[in-house]
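Okay, structure first, notes after.
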Amino acid sequence: DVQLQASGGGLVQPGGSLRLSCATSGLTFDDYAIGWFRQAPGKEREGVSCISSSEGAIYYADSVKGRFTISSDNAKNTVYLQMSSLKPEDAAVYYCAADRPSPYFWGYCAGFGRESESPDYWGQGTLVTVSS
């Protein structure tokens with residue numbers, strides 16, 4: 001059974017930092033691409049950052065480029081999202097998702113895919129609140 005567990009969210013002041021973790025099990029970690037997605041109240045879900053170690057590929061949304069860093073630790077089957085210089089507009093529930101790398105995965109990560117092309121596996125999400 002494939003399991004993805006997102007953690008690390010919490011309350012942080014504007015300008016602060018958080019590191020999110022996506023721990024995976026039940027899959028061959030090196031064969032999957034992992035993405036971070038977020039959804040704020042009243043807004044559509046958006047791709048934040050995605051990574052595929054086997055392809056050597058990384059994607060960042062323009063809104064987080066230069067502030068967020070995605071990385072993977074293959075020994076721990078875990079993907080991280082280091083978030084710095086957080087803004088109130090970053091507040092959202094952050095989800096991690098996994099799927100086999102494909103044009104559909106990357107298109108969905110970048111906001112060009114259909115909902116039917118959503119990644120196969122999703123974690124429960126972790127809440128990030130940015131407030132002073």
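Heavy-atom basis, side chains included; hydrogens, waters and symmetry copies ignored.
Two residues are said to be in side-chain contact when any heavy atoms from C-beta on lie closer than 4.5 Å; L4 and C96 meet this criterion. Taking 4.5 Å as the limit, every side-chain heavy atom of F112 sits out of range of all side-chain heavy atoms of E117. Side-chain contact between Y94 and M83 is present, with at least one heavy-atom pair separated by less than 4.5 Å. By the 4.5 Å heavy-atom criterion applied to side chains, V79 and F29 are counted as neighbours. Inter-residue side-chain proximity for P88 and Q13 is flagged as unmet; no heavy-atom pair is nearer than 4.5 Å. Side-chain contact check for Y32 versus R100: some heavy-atom pair is nearer than 4.5 Å.
Hydrophobic clustering (ILVMFWY, side-chain heavy atoms < 4.5 Å, transitive): Y121 and V48 are in one cluster. Linking ILVMFWY residues whenever their side-chain heavy atoms come closer than 4.5 Å, directly or via other members, leaves W36 and V93 in distinct clusters. No continuous path of hydrophobic side-chain contacts links Y95 to L86 [ILVMFWY only; heavy atoms under 4.5 Å]. Tracing side-chain contacts under 4.5 Å through hydrophobic residues (I, L, V, M, F, W, Y), one reaches L81 starting from V12; they form part of the same cluster. Y60 and Y80 end up in different hydrophobic clusters when Ile, Leu, Val, Met, Phe, Trp and Tyr side chains are linked at under 4.5 Å.
The aromatic rings of W122 and Y108 lie perpendicular to each other, with more than 60° between the two planes, well past the 30° mark.
Although no hydrogens or angles enter the test, the distance criterion places a donor-acceptor pair under 3.5 Å between the side chain of S49 and the main chain of Y59. For the pair T126 (side chain) and G9 (backbone), a donor-acceptor distance under 3.5 Å is present. Remark: side-chain polar atoms of S116 are not paired, donor with acceptor, to backbone N or O of R114 under 3.5 angstrom. Using modelled atom types, no side-chain atom of S21 and backbone atom of A23 make a donor-acceptor pair closer than 3.5 Å. Side chain of S102 to backbone of F105: a donor-acceptor contact under 3.5 angstrom is found. Of the possible donor and acceptor atoms, one in the side chain of T24 sits under 3.5 Å from a partner among the backbone N and O of N77. Judged by distance alone, the side chain of Q5 and the main-chain N or O of G123 form no donor-acceptor pair under 3.5 Å.
D1 contributes atom CG, which lies 7.5 Å from atom OG of S25 (distance to the nearest 0.5 angstrom). A distance of 12.0 Å separates CD in Q82 from CD1 in I70, rounded to the nearest 0.5 Å. A distance of 4.0 Å separates CG in L127 from OG1 in T129, rounded to the nearest 0.5 Å.
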Please assess S84 against F68 for the test side-chain contact (heavy atoms from CB on, under 4.5 Å), listing each intermediate value before the final yes or no.
CA-CA 6 Å; S84 300; F68 291 10; 6.0 Å; no
What's the verdict on side-chain contact (heavy atoms from CB on, under 4.5 Å) for D90 and R67, showing C-alpha distance, side-chain angles and the deciding distance?
CA-CA 11 Å; D90 294 317; R67 299 187 297 119; 2.8 Å; yes
Could you go step by step and tell me if R38 and E46 meet the side-chain contact (heavy atoms from CB on, under 4.5 Å) rule?
CA-CA 6 Å; R38 68 187 182 187; E46 63 175 338; 2.7 Å; yes
side-chain contact (heavy atoms from CB on, under 4.5 Å) between I58 and C50, intermediate numbers included
CA-CA 6 Å; I58 289 177; C50 299; over 6 Å; no
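Sparse packing is recorded around NZ of K43, with 12 or fewer heavy atoms of other residues, nucleotides or ligands lying under 6.0 Å away. Other residues, nucleotides and ligands place more than 12 heavy atoms under 6.0 Å from the CD atom of E115.
A pairwise comparison of heavy atoms in P101 and D31 identifies CD-O, 3.3 Å as the closest pair. The two residues I34 and A98 have their closest heavy-atom pair at CD1-CB, 3.4 Å.
For S72 and S53, the side-chain atoms include at least one donor-acceptor pair closer than 3.5 Å.
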